Amino acid sequence: PGTPPISGPSLAALNTLSEEEVEFILGLPKAELHAHLNGCVGMEVLFELADEFVEGIGFEQSSLKRLESFSIDDIGEFFKVFGVIYGLVSTREALGRVTRGVLGGFLGEVGEESESESECTYLELRTTPRRLGSSSAEEYLETVLEEVERYPKEKAGLIVSVDRRMGVATENESEGGITVEEVVNLAIELKKQGRRVVGVDVCGDPRSGDMELLKPFMGKVREVGLGLTVHIAEIPGSVSGDTQHLLSFTPDRIGHGTFLSEKEKEIVLERRIPVEVCLSSNIICKTVPDLASHHIRYYLERDHPIVLCTDDTLPFRTSLTAEYALLLAKSPFGLGLSREEVRRVAEWSLEVRFGGR
Ligand code: 6MZ
């Protein structure tokens with residue numbers, strides 16, 4: 001229901017598979033652990049919202065059309081996508097609606113989830129709280145949690161994202177913007193109340209922010225037993241010291257890790273930190289030239305846990321099934337892994353989840 005049309009590298013891989021191979025992928029119990037809510041919204045619901053809002057905010061359908069045929073020259077360009085989406089997902093009602101669609105797209109409708117047809121058997125959806133009109137960051141998370149909690153805990157959990165562009169401490173924030181401190185405190189408070197928050201993420205434009213300043217907050221996250229995952233080394237030569245700071249938070253998982261140095265990769269291997277891998281995302285953002293040179297190979301060769309994820313199904317025109325097709329399809333369309341190897345990847349995804357046990 002919420003799944004956008006697939007195209008690009010993952011569709012090419014999917015098209016080489018037999019029906020039986022697709023069924024094999026669909027039948028594997030697996031978790032999606034790195035999916036950004038607003039990056040996984042279906043086009044249909046965006047068009048519906050645009051129709052409803054057109055008069056109110058003078059929203060241009062043409063900017064939505066551009067979203068459909070979106071091409072990305074570099075990762076910086078990519079973050080502009082969200083301006084259009086945020087313009088439309090701008091009320092609590094709209095947020096609730098898109099969240100329901102995204103959950104349904106990955107898991108199937110509540111109560112009707114079919115193990116052999118849904119994209120995954122467990123979903124850790126992540127999102128960055130925003131102010132919607134006059135509503136607060138807390139109300140944003142409440143709205144999303146209400147939808148997540150319609151599913152049993154064995155099926156769905158929420159990771160609360162901190163954006164690197166946020167101000168850090170609330171007392172220094174004069175414009176009333178949402179801060180890292182506020183988001184982390186909210187995540188902790190909601191967990192204490194028994195709500196379905198399973199972890200915290202650090203995401204956003206990798207060219208921004210000073211990661212050193214985040215350290216005390218991330219320490220608090222770990223103290224209360226929330227999982228911690230960080231987007232790391234997404235671009236070459238990222239802000240100096242950035243990667244070391246992020247590693248010093250001792251994250252439970254890392255996202256991307258495309259440009260980790262040899263030394264940093266050794267730390268990841270030694271501490272056995274699972275790597276969330278988003279193949280189409282990296283290829284489309286051109287941080288990795290092609291599948292053959294993707295760092296997934298480095299970890300697979302070392303039997304190091306990786307989790308295959310979609311990142312943002314809308315701009316990357318993919319689905320979890322199609323990402324798994326990239327593993328199973330033969331070169332040059334895929335990595336040509338054996339079924340046993342693909343099954344192992346699926347098992348890892350369930351082993352390294354933060355919640356749902
Ligand atoms: C870093 C990313 C991302 O939180 O509004 N986001 N951050 N790297 C990526 N991959 C290339 N893809 C998405 O979802 C959208 C937000 O997630 C982050 C960005 O901050 C984006 O604004 P939510 O639900």
Side-chain angles (χ1 to χ4, degrees), residues 30-37 120-128 141 148 153-164 180 183-192 195-204 206 209 211-212 214-234 242-258 260 263-278 295-296 298-300 302-311 344-357:
K30 55 178 142 9
E32 162 63 272
L33 303 180
H34 187 135
H36 297 270
L37 169 59
C120 56
T121 40
Y122 174 74
L123 169 68
E124 257 160 35
L125 189 62
R126 57 183 73 188
T127 197
T128 325
L141 290 177
V148 171
K153 80 171 189 342
E154 298 74 29
K155 287 259 143 195
L158 182 70
I159 296 177
V160 176
S161 293
V162 158
D163 190 314
R164 299 171 58 112
V180 175
V183 174
V184 166
N185 286 345
L186 265 174
I188 293 173
E189 190 47 41
L190 287 163
K191 179 183 158 60
K192 284 188 181 153
R195 304 300 300 268
R196 196 83 60 72
V197 176
V198 297
V200 167
D201 160 49
V202 177
C203 71
M211 293 305 98
E212 189 174 9
L214 265 47
K215 189 158 183 174
F217 303 103
M218 298 306 141
K220 279 174 71 181
V221 167
R222 305 221 51 224
E223 270 167 35
V224 297
L226 282 168
L228 177 64
T229 177
V230 294
H231 285 65
I232 194 168
E234 270 191 277
D242 194 283
T243 302
Q244 289 92 311
H245 291 310
L246 288 162
L247 280 177
S248 78
F249 305 166
T250 57
D252 301 288
R253 300 197 304 251
I254 55 172
H256 301 291
T258 316
L260 290 173
K263 223 170 139 197
E264 289 155 358
K265 280 193 276 195
E266 272 167 33
I267 296 176
V268 171
L269 293 179
E270 262 167 39
R271 293 194 204 153
R272 226 171 150 70
I273 311 174
V275 184
E276 301 159 358
V277 171
C278 311
H295 49 288
I296 190 175
Y298 176 91
Y299 295 106
L300 288 174
R302 288 157 180 82
D303 200 37
H304 181 87
I306 61 117
V307 194
L308 203 67
C309 307
T310 58
D311 207 4
R344 182 80 193 105
V345 171
E347 283 168 0
W348 272 326
S349 71
L350 288 164
E351 284 165 22
V352 307
R353 67 201 198 269
F354 293 151
R357 288 163 230 255

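Only heavy atoms go into these numbers, but all of them, side chains included; no hydrogens, no water, no symmetry mates. As the structure is a prediction and not an experimental result, all values here were calculated from the model. In this chain, numbering begins with 1 at the start of the sequence shown.
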Between Met218 and Val162, is any pair of side-chain heavy atoms under 4.5 Å apart? yes

Could you label the plane-to-plane angle of the His231 and His36 rings as parallel, tilted or perpendicular, counting under 30° as parallel and over 60° as perpendicular? tilted

Here the gap from Thr128 atom OG1 to Ile159 atom CD1, rounded to the nearest 0.5 Å, amounts to 11.5 Å

Would you sort out whether Glu276 and Arg126 count as a salt bridge (charged side-chain N to carboxylate O under 4.0 Å, His left out), showing the intermediate values? CA-CA 13 Å; Glu276 301 159 358; Arg126 57 183 73 188; 3.1 Å; yes

Applying salt bridge (Lys or Arg N to Asp or Glu O under 4.0 Å) to Asp311 and not counting sequence neighbours gives none

Nearest 0.5 Å please: distance from the CD1 atom of Ile232 over to the CD atom of Gln244. 8.5 Å

Please lay out, stage by stage, how Glu124 and Thr229 fare under the test side-chain contact (heavy atoms from CB on, under 4.5 Å). CA-CA 12 Å; Glu124 257 160 35; Thr229 177; over 6 Å; no

I need the minimum non-hydrogen distance between Gly355 and Val198, along with the two atoms involved. CA-CG1, 3.8 Å

Determine whether Glu154 and Thr121 satisfy the following criterion, side-chain contact (heavy atoms from CB on, under 4.5 Å), listing intermediate values before the conclusion. CA-CA 8 Å; Glu154 298 74 29; Thr121 40; over 6 Å; no

From CG (Leu123) to NZ (Lys155), nearest 0.5 Å: 10.0 Å

What distance do Ile273 atom CD1 and Thr250 atom OG1 have between them, rounded to the nearest 0.5 Å? 8.0 Å

Which pairs, with at least one residue in residues 265-274 and sequence neighbours excluded, count as a side chain to side chain donor-acceptor pair (under 3.5 Å)? Glu262-Lys265

Flag the pair Val202 / Phe217 as yes when at least one side-chain heavy-atom distance between them is below 4.5 Å, and no otherwise. no

Nearest 0.5 Å, what's the CD1-CG distance between Ile254 and Asp201? 12.5 Å

Sequence-distant partners of Tyr299, ring-ring contact (aromatic ring centres under 6.0 Å, His included), two or more places apart: His304

Distance-minimising heavy-atom pair for Thr243 and Ala233: OG1-CB, 4.1 Å

Reported CG-to-OG distance for the pair Leu33 and Ser349, which is rounded to 0.5 angstrom: 6.0 Å

Which atom pair, heavy atoms only, marks the closest approach of Arg196 to Val148? NH1-O, 3.8 Å

Between Lys215 and His245, is a side-chain contact (heavy atoms from CB on, under 4.5 Å) present by the stated rule, with each step listed? CA-CA 8 Å; Lys215 189 158 183 174; His245 291 310; over 6 Å; no

What verdict does the side-chain contact (heavy atoms from CB on, under 4.5 Å) test give for Phe249 and Arg222, after you've listed the backbone C-alpha separation in whole Å, the side-chain angles of each residue and the deciding distance to 0.1 Å? CA-CA 9 Å; Phe249 305 166; Arg222 305 221 51 224; 5.8 Å; no

If you look at every heavy atom in Leu350 and Tyr122, which pair is closest and at what distance? CD2-CB, 4.2 Å

